[in-house]
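Below is one structure, written out as structure tokens; the observations come after it.
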Amino acid sequence: MPKTTTKYITEVLNDWQAYGVEGHFKAKHAWMPYHELVQASFMNLTQSSYNEVVAMNSLTANLHLMMVAFYQPTSSKYKILIEENTFPSDKYAVASQASYHGFNPNNAIIEFKSNNDNLVVSIDSIIDTIEKNSDSLSLILIGQPNYLTGQVFDIAPIVGLAQKYNIKIGLNLAHGIGNLDLNLNSLNIDFAVWCSYKYLNSGPGGIAGLFIHEKHHKNSHLPRFSGWWGHNQANRFTMPNNFDPMTGALGFQLSNPPIFQLASLRASLDIFQEAKIARLREKSIKLTGYLEYLINQEFKHKHNINIITPAQPNERGAQLSLKLANAQSNIVENLRAFNLICDFRFPDILRMAPTPLYNSYIDVYNSVKILSKIL
Ligand SMILES: *Cc1c(COP(=O)(O)O)cnc(C)c1O
């Protein structure tokens, strides 16, 4: 938890106590435009312009809103391509969207698969899958990086193909935001969504974010589910009958946001603003490289660990996924007893993520010793 989180949330509590509902305008940081306090950070973390990003809702809710806008299937072009090993919630979301439009998810959802048991997918096989299904694909959704393997995909050639075949493309940045040095505007994807409680440290149930590329901002035919918070800020509180959306991502806001959550997100993002994502990424590459080096040294003559995350720094973020031989499902508890927090995905994948904001080289060194001892 960032040290300033308590202070920022207490400020909101004090304003609430002093002003009640009038805190919308009178609070030290007025609640009505409070989301603007995180706007610059979201722009810097994603390299986007002002109207392309917004903090709102939760990730899965935003994913559905983006599919309302960008998944517009026809009887012949209706399929959605996702990773085989995607976070299950994303599979539920795309399957339910396909069903909602009257398609059978078993047929409408295509997965790009890895050709070996280390679960990593080659760019050639992704391109091949898109080429083979180019007529029927409507949407491509990719986790950047993949949550299980930590693989970062080369998105540019995929975007090129998507445009060639008139396929929409969105990214799920749950594990990318605050981890990778992103450049969403120049990447030219259609949309992206993320949560803020992973690398961004916004705390439990933290508010999520979304990106809509500026090339769509003048398209008044983009379908959307609307709410009053997307209405022109100048006369939002006079609540006219006709919806006049704000430009871009801001116009997709539905509700007045949870200010406590925005306050805790602001506390964390202020640190990212100061540290700067490019510098964090630079340290992250070294920190993760050091972890990889130590694991390779430590387990060189023992065949009980295989790093499945790609070795190239541009094909991964902070995370290394280790495939364990003879994995014990209580490994996470055993590591936690030494204050080492990792994640285990059944049946055999341990995820470790040295985080440049608060992990040191010594932490990395000690963690490999602990891991060796436990295994
Ligand atoms: C963490 C994560 C989610 C979680 O979704 P919420 O709506 O925030 O609960 C979804 N997708 C991916 C890929 C994730 O890593």
Side-chain angles (χ1 to χ4, degrees), residues 39-55 59 62-63 65-73 77 79-83 86 90 94 110 112 121-131 133-146 151-194 208-224 245-252 277-278 281 314-315 317:
Q39 199 72 7
S41 311
F42 271 3
M43 289 161 64
N44 288 341
L45 288 171
T46 58
Q47 286 180 41
S48 306
S49 61
Y50 186 86
N51 289 90
E52 287 182 312
V53 289
V54 70
L59 185 158
N62 288 344
L63 179 57
L65 292 176
M66 290 300 89
M67 286 195 281
V68 166
F70 293 106
Y71 179 52
Q72 296 170 53
K77 202 167 175 62
K79 293 189 178 172
I80 304 176
L81 178 66
I82 56 169
E83 312 127 87
T86 189
D90 297 15
V94 294
I110 316 178
F112 57 82
V121 189
S122 73
I123 184 72
D124 292 343
S125 90
I126 297 175
I127 287 174
D128 193 47
T129 308
I130 296 172
E131 292 280 3
N133 297 281
S134 58
D135 290 343
S136 58
L137 271 176
S138 168
L139 174 69
I140 299 171
L141 178 67
I142 298 178
Q144 180 75 329
N146 177 270
Q151 178 181 12
V152 168
F153 299 97
D154 185 8
I155 302 294
I158 304 176
V159 172
L161 273 189
Q163 282 168 352
K164 178 175 169 195
Y165 295 120
N166 191 22
I167 304 165
K168 294 290 188 287
I169 175 162
L171 298 181
N172 183 335
L173 301 171
H175 292 264
I177 191 95
N179 174 17
L180 307 172
D181 200 358
L182 300 161
N183 57 349
L184 300 190
N185 178 286
S186 62
L187 204 50
N188 213 3
I189 52 167
D190 296 292
F191 71 89
V193 292
W194 56 89
L210 71 80
F211 162 92
I212 298 176
H213 197 277
E214 61 191 1
K215 65 189 172 189
H216 297 294
H217 292 189
K218 289 206 169 74
N219 178 1
S220 56
H221 301 294
L222 208 58
R224 78 170 90 205
M246 296 174 79
T247 303
L250 296 162
F252 281 75
I277 188 67
R281 173 70 175 143
N314 64 344
E315 289 180 47

Next item on the list: Please say which of Leu173, Asp90, Leu171 ends up in a side chain to side chain contact (heavy atoms under 4.5 Å, CB included) with Ile142.
Entry: Leu171
Margin query: With side chain to side chain contact (heavy atoms under 4.5 Å, CB included) as the test, pick out the partner of Phe112 among Thr129, Thr86, Ile82.
Written below: Thr129
[X] to [Y] - nearest heavy-atom pair and separation:
X: Asn172; Y: Leu141; answer: N-CD1, 4.4 Å
X: Leu184; Y: Ser48; answer: CB-OG, 3.9 Å
X: Met66; Y: Leu210; answer: CE-CD2, 4.0 Å
X: Ala174; Y: Leu59; answer: CB-CD1, 3.6 Å
X: Ile277; Y: Asn44; answer: CG2-O, 4.0 Å
X: Asn185; Y: His213; answer: O-NE2, 2.8 Å

Rounded at 0.5 Å granularity, tell me how far [atom1] in [X] sits from [atom2] in [Y].
X: Ile167; Y: Leu137; atom1: CD1; atom2: CG; result: 4.5 Å
X: Asn179; Y: Leu45; atom1: CG; atom2: CG; result: 11.0 Å
X: Asn166; Y: Ser134; atom1: CG; atom2: OG; result: 11.0 Å
X: Leu81; Y: Ser136; atom1: CG; atom2: OG; result: 10.0 Å
X: Gln72; Y: Lys77; atom1: CD; atom2: NZ; result: 12.5 Å
X: Arg281; Y: Leu182; atom1: CZ; atom2: CG; result: 9.5 Å

Note to self: For Ile123 and Ile158: C-alpha separation, side-chain torsions, deciding distance, then whether side-chain contact (heavy atoms from CB on, under 4.5 Å) applies.
What the structure shows: CA-CA 9 Å; Ile123 184 72; Ile158 304 176; 3.9 Å; yes
Any donor-acceptor N/O pair, [X] side chain to [Y] backbone, under 3.5 Å:
X: Asn51; Y: Thr247; value: yes
X: Gln47; Y: Ser186; value: no
X: His175; Y: Gln144; value: no
X: Glu214; Y: Ser49; value: no
X: His217; Y: Ile212; value: yes
X: Thr46; Y: Phe42; value: yes
X: Asp190; Y: Ile169; value: yes
X: Gln39; Y: Val53; value: yes

Is there side-chain contact between [X] and [Y], with at least one heavy-atom pair below 4.5 Å?
X: Leu222; Y: Phe70; value: yes
X: Met67; Y: Leu139; value: yes
X: Lys168; Y: His216; value: yes
X: Asn146; Y: Phe153; value: yes
X: Val54; Y: Met246; value: no

Check: Under 6.0 Å between the ring centres of Phe191 and Phe252?
Finding: no
Next item on the list: Please step through side-chain contact (heavy atoms from CB on, under 4.5 Å) for the pair Asn188 and Gln163, ending with a clear verdict.
Entry: CA-CA 10 Å; Asn188 213 3; Gln163 282 168 352; 3.2 Å; yes
Next item on the list: Could you please spell out the steps behind the side-chain contact (heavy atoms from CB on, under 4.5 Å) verdict for Phe211 and Ile189?
Entry: CA-CA 9 Å; Phe211 162 92; Ile189 52 167; 3.9 Å; yes
Item checked: side-chain contact (heavy atoms from CB on, under 4.5 Å) between Val121 and Glu83, worked out -> CA-CA 9 Å; Val121 189; Glu83 312 127 87; over 6 Å; no
